[in-house]
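Heads up: the structure comes next, in structure tokens.
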Amino acid sequence: MSVRVRYAPSPTGSPHVGNIRTALFNHLFARRHGGVHILRIEDTDRARLVEGCEDEIRESLRYVGVEWQEGDGVGGAHGPYRQSDRKEAGVYEPVWRRMLEEGSAYWAFDTPEELEEMREFQQINKKPTGYFGGVWRDADPAKADEARAAGKPGVVRLKVPRGETIVLDDAIRGRIEYDSNLVDDPVLIKADGMPTYHFAAMVDDRLMGITHVFRGEEWISSAPKHLVLFRSLGWEPPVFVHVPVIKGKDGAKLSKRHGDTACLDFRRAGYLSGALANFIALIGWAPGGDREVMSMDEMAEAFDLKGIQPSPGVFDLDKLNWMNGVYLRQTPTESLYAGAVDYARREETVGYWAKRVPGPGEVDPHVRLKGLRMLAEADPGYALEAVRLEQERVTTLADLGPACSFFFDEEPEFDPKAVEKWFHEPHVPRLLDHLATALETQDQTWTAEACESLVRGAAEALGLEKLGPAVHPTRVALTGRTVGPGLFELMAALGSDRMLARLKRARGKVGVGA
RNA sequence: GCCCCGGUGGUCUAGCGGUUAGGACGCCUCCCUUUCAAGGAGGAAAUCGCGGGUUCGAUUCCCGUCCGGGGUACCA
């Protein structure tokens, strides 16, 4: 039997990385077994619907490279793939009607107030809370008919058998037993006629031929309800794979207060698709051995349920940063440049940084955006060189902005500390003059090699024992800072005109001749 | 309260009865070097939550316990 899995988000917000990791697992598992991955939208809760977030779901999936061969947006033989549409198409009604007839489900007409009262009573008496029958579970069918005829709002509930042990064979945790006396009768069909998750998801999984259900571990406690439902209908349940949750640094489940958690936030922050996918796959899954940096192909080949962790994992941003750096350095410079330009031009990028509150020691978001904008607008040949030189020094696409800005800003700001440190040396005016004169008088292509001999020659002419005193002030004069790419490469990229202009500007800063 | 799941350095993890408990991130030191990165070499960091068993031998198996998390909805 070939593998069919599904990612079934409910459109109540932009999916966060934990959700998307579940989608990734689905994708990896389907690929590993040559199966089909389906995208199904579970929008049965009309109250929590968030407009437009179905797009964000698809965008998030595309961003991390999760593919689906069937379902929302692509169609397939088991459609429709949105539960509200399925409800309209009448796929659920025959199923629950049949359950009603067979006695595995029943109508209940308790009011919300009555249910609330019941729960309070259970709490006070230290009984398990939940609906274990009330007056309706075993009521005379005529009584239910009567209530319906009277137009009372009612729900359909699953009749969970009592006095049994329900056994779940979880794919990563093994056997889990439940006492059916502690499993309450879940609502299958709400008073508004919409099915609940407990009903719709199971029916759809069955109808769509799903073989393995990947879902968060928060579902473990309702699994017995699902098992009972399948059994009531005479259906073979799928294999349940309850994956661990992803937590924030403080140990609590990942949420807004941990900073960026929506999958798309990471795209906005400049993380590379492959790096994020690789990183989140490794929270809760390990291929065994020491493997870490892996392409999607490699992960798909290695993916195995045995490697999934039963315990929750913490999202470690430091490690993501490291991995992003690895991917970024691996990217061919041409692609990286193209990616950076695309990134810089995205509206979401601007929106993201504009709203950003910088942490301590973090580059001012507006400076970052300015650098990004300059990079995108600069001459491609020149910008490519800038990216080439900064590629191994940055961790995200966003970092490329501030890192490269001195290439494009013809009057880069002087870092006060850099000036303090290097512009007060007595030899500096002569050094800058020497370089400027050479650039003005020698008509040649200033390759990195040529620049190196220029600087070395200057150091020698000034009687400097070491290269540092020549290199550092020159760097400050040219870039305004103390850090950056190798000086000679940087000079070659800048070209003589820029160098000359900057040398002169810096000359003014260090005072009049020596 | 009741039910369920989990527990290897700070973090992600390897391990699947016998290992000096391995790797990665982060941290520290050194090397490289014109700076910063990157890279290379080292280092600190885990009584495998704790207590009992089983066993010649337990991180690995069993029980208890503590701590953390989840569920306890006409939300998913």
Side-chain angles (χ1 to χ4, degrees), chain A residues 8-12 42-45 47-48 108 110 112 115-116 119 122-131 153-157 168 170 173 176-179 182-184 186-198 200-201 215-224 242 244-245 247 249 251-253 279 282-293 306-307 309-323 325-326 329 390-395 403 418 422 452 455-456 459 466-472 474-476 479 481-488:
Chain A
S10 68
T12 54
E42 309 212 326
D43 58 345
T44 53
D45 186 351
R48 294 202 309 153
D110 311 82
L115 292 174
E116 188 47 48
R119 265 180 232 114
Q122 291 167 330
Q123 291 274 17
I124 291 166
N125 292 284
K126 302 184 180 199
K127 300 251 188 191
T129 52
Y131 195 91
V155 300
V156 177
R157 284 183 185 267
L168 166 68
D170 181 75
R173 276 159 248 262
I176 300 175
E177 296 184 2
Y178 306 83
D179 176 354
L182 299 172
V183 178
D184 64 338
V187 169
L188 264 20
I189 303 298
K190 307 182 219 181
D192 68 359
M194 284 298 261
T196 61
Y197 170 90
H198 298 304
R215 44 152 48 166
E217 64 176 321
E218 67 270 20
W219 289 109
I220 292 180
S221 27
S222 35
H242 289 106
V245 296
K247 301 187 299 181
K249 268 254 190 273
K253 198 173 162 190
F279 176 70
L282 258 26
I283 305 176
W285 173 68
D290 297 336
R291 297 228 274 161
E292 281 205 320
V293 177
K306 298 278 177 297
Q309 210 69 13
S311 56
V314 172
F315 192 96
D316 180 5
L317 192 62
D318 283 334
K319 190 155 184 174
L320 204 215
N321 282 331
W322 163 75
M323 191 168 275
V326 171
R329 273 171 252 123
E390 291 292 351
Q391 181 163 12
E392 63 180 82
R393 279 162 243 276
V394 296
T395 66
W422 294 108
E452 176 162 4
V455 175
R456 284 186 186 280
K466 287 183 174 174
L467 203 54
V471 164
H472 300 303
T474 306
R475 174 189 300 284
V476 177
T479 70
R481 25 225 236 200
T482 56
V483 300
L487 181 67
F488 313 131

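Numbers restart at 1 for each chain; the letters A, B, ... are given by sequence-line order, proteins then strands. Because the structure is predicted, anything quoted here is derived from the model rather than measured.
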Of the candidates B/rA24, B/rG1, B/rA76, the side chain of A/Thr129 sits closest to B/rG1
Distance check, P atoms only: B/rG52 and B/rG15, in whole angstrom units. 29 Å
* Should the pair A/Asp184-A/Arg157 be classified as a salt bridge under the 4.0 Å nitrogen-to-oxygen rule? -> no
Touch class at under 4.0 angstrom, heavy-atom based, for A/Gly313 against every strand present = sugar-phosphate
Judged by nearest nucleotide, the residue sitting upstream toward the 5' end of RNA chain B, A/Pro128 or A/Ser311, is A/Pro128
Scanning all shown strands, the Watson-Crick or wobble mate of B/rG18 with both distances under 3.5 Å is B/rC56
Item to check | Interatomic distance at C1', B/rA73 relative to B/rU13, whole Å | outcome: 37 Å
Picking from B/rG10, B/rU13, B/rC75, the nucleotide nearest the side-chain atoms of A/Thr196 would be B/rC75
Worksheet item: Given the P atoms of B/rC25 and B/rG43, what is the spacing between them in whole Å?
Response: 15 Å
CD (A/Glu292) and CG (A/Leu282) are apart, to the nearest 0.5 Å, by 5.5 Å
Any side-chain donor near an acceptor of the partner, A/His242 and A/Arg173, under 3.5 Å | no
Rounding to an integer number of angstrom, what distance separates B/rC27 and B/rU60 when you compare their C1' atoms?
31 Å
Rounded to whole Å, the CH2-C1' distance (A/Trp322 to B/rC12) equals 10 Å
Contact class for A/Ile176 vs. all strands (heavy atom < 4.0 Å): base, sugar-phosphate, or nothing?
sugar-phosphate
Need one value for A/Gly486: base, sugar-phosphate or nothing, where a base atom within 4.0 Å counts as base even if backbone is also close, heavy atoms only. base
Quiz item: Within the structure shown, what part of the strands sits under 4.0 Å from A/Lys127 by heavy-atom distance: base, sugar-phosphate, or nothing?
Solution: base
Please work out if A/Thr482 contacts a base, only the sugar-phosphate, or nothing of the nucleic acid, heavy-atom cut-off 4.0 Å.
-> base
Which of B/rG1, B/rC36, B/rG6 is nearest the side chain of A/Val483? It is B/rC36
dist A/Arg329:CZ -> A/Thr395:OG1 (nearest 0.5 Å) comes out at 9.0 Å
Please work out if A/Ala191 contacts a base, only the sugar-phosphate, or nothing of the nucleic acid, heavy-atom cut-off 4.0 Å.
base
* **Donor/acceptor link under 3.5 angstrom from A/Arg173 side chain onto base of B/rC5** => no
Using OP1 and OP2 only, check whether a side-chain N or O of A/Lys190 sits under 4.0 Å from B/rC75.
yes
Rounded to whole Å, the CZ-C1' distance (A/Arg48 to B/rA73) equals 11 Å
Practice problem: Could you work out the separation of B/rG22 and B/rG42 based on their P atoms and round it to a whole Å? | Solution: 14 Å
**OP:** Could you tell me whether A/Ser10 contacts a base, only the sugar-phosphate backbone, or nothing, with contacts defined as non-hydrogen atoms closer than 4.0 Å?
**Re:** sugar-phosphate
#### Entry: Charged N-O contact under 4.0 Å between A/Lys319 and A/Asp316
no
Q) How far does the C1' atom of B/rG7 sit from the matching atom of B/rC50, given to the nearest Å? A) 11 Å
What interatomic distance, in whole Å, is found between P of B/rC36 and the corresponding atom of B/rA24?
24 Å
Separation of B/rU11 atom C1' from A/Ile283 atom CD1, nearest Å, is 10 Å
Taking B/rA76, B/rG23, B/rC5 as options, the one with an atom nearest any side-chain atom of A/Ile220 is B/rC5
Out of B/rU34, B/rG6, B/rG70, minimum distance to the side chain of A/Glu218 belongs to B/rG70
Discussion item. Once you apply a heavy-atom cut-off of 4.0 Å, does A/Pro9 come out as touching a base, just sugar-phosphate, or nothing?
Written reply: nothing
Would you mind classifying the nucleic acid contact of A/Phe279 as base, sugar-phosphate or nothing, using non-hydrogen atoms under 4.0 angstrom?
nothing
Out of B/rA24, B/rG7, B/rU13, minimum distance to the side chain of A/Lys319 belongs to B/rA24
Taking for A/Gly289 and for A/Asp318 the nucleotide of RNA chain B with the nearest heavy atom, the one nearer the 5' end belongs to A/Gly289
Rounded to the nearest 0.5 Å, the CD1 atom of A/Ile220 sits from the CD1 atom of A/Ile176 at a distance of 5.0 Å
The Watson-Crick or G-U wobble partner of B/rU72, with both key distances under 3.5 Å, is B/rG1
Exercise for the section: Remember a base hit wins even if backbone is also touched, and classify A/Glu42 as base, sugar-phosphate or nothing at under 4.0 Å, heavy atoms. Expected result: sugar-phosphate
| said: Just to be sure I understand the rule, does A/Gln309 reach a base, reach only the sugar-phosphate, or reach nothing, if contact means heavy atoms closer than 4.0 Å? | reply: sugar-phosphate
Side-chain contact check for A/Arg475: nearest option of B/rG6, B/rU34, B/rC2 is B/rU34
Checking all strands, does A/Leu487 fall into the base, sugar-phosphate, or nothing category for heavy-atom contacts under 4.0 angstrom? base
Checklist entry - Within less than 4.0 Å of OP1 or OP2 of B/rC74, is there a side-chain N or O belonging to A/Arg119? => result yes
Does B/rU35 have OP1 or OP2 under 4.0 Å away from a side-chain N or O of A/Arg481?
no
Tell me what A/Arg329 touches on the nucleic acid: a base, only sugar-phosphate, or nothing, going by heavy atoms under 4.0 Å.
-> sugar-phosphate
| task | Can you tell me, in whole Å, how much space there is between the C1' of B/rA58 and that of B/rC4? | result | 28 Å
Regarding the side chain of A/Arg393, the nearest nucleotide among B/rC36, B/rC74, B/rU11 is B/rC36
d(A/Tyr197 OH, A/Glu42 CD) to nearest 0.5 Å is 6.0 Å
If you look at every strand shown and take non-hydrogen atoms under 4.0 Å, does A/Asp43 touch a base, only sugar-phosphate, or nothing?
nothing
A/Glu392 CD to B/rC32 C1', in whole Å, measures 13 Å
Here the distance between atom C1' of B/rG22 and atom CZ of A/Arg291, to the nearest Å, is 17 Å
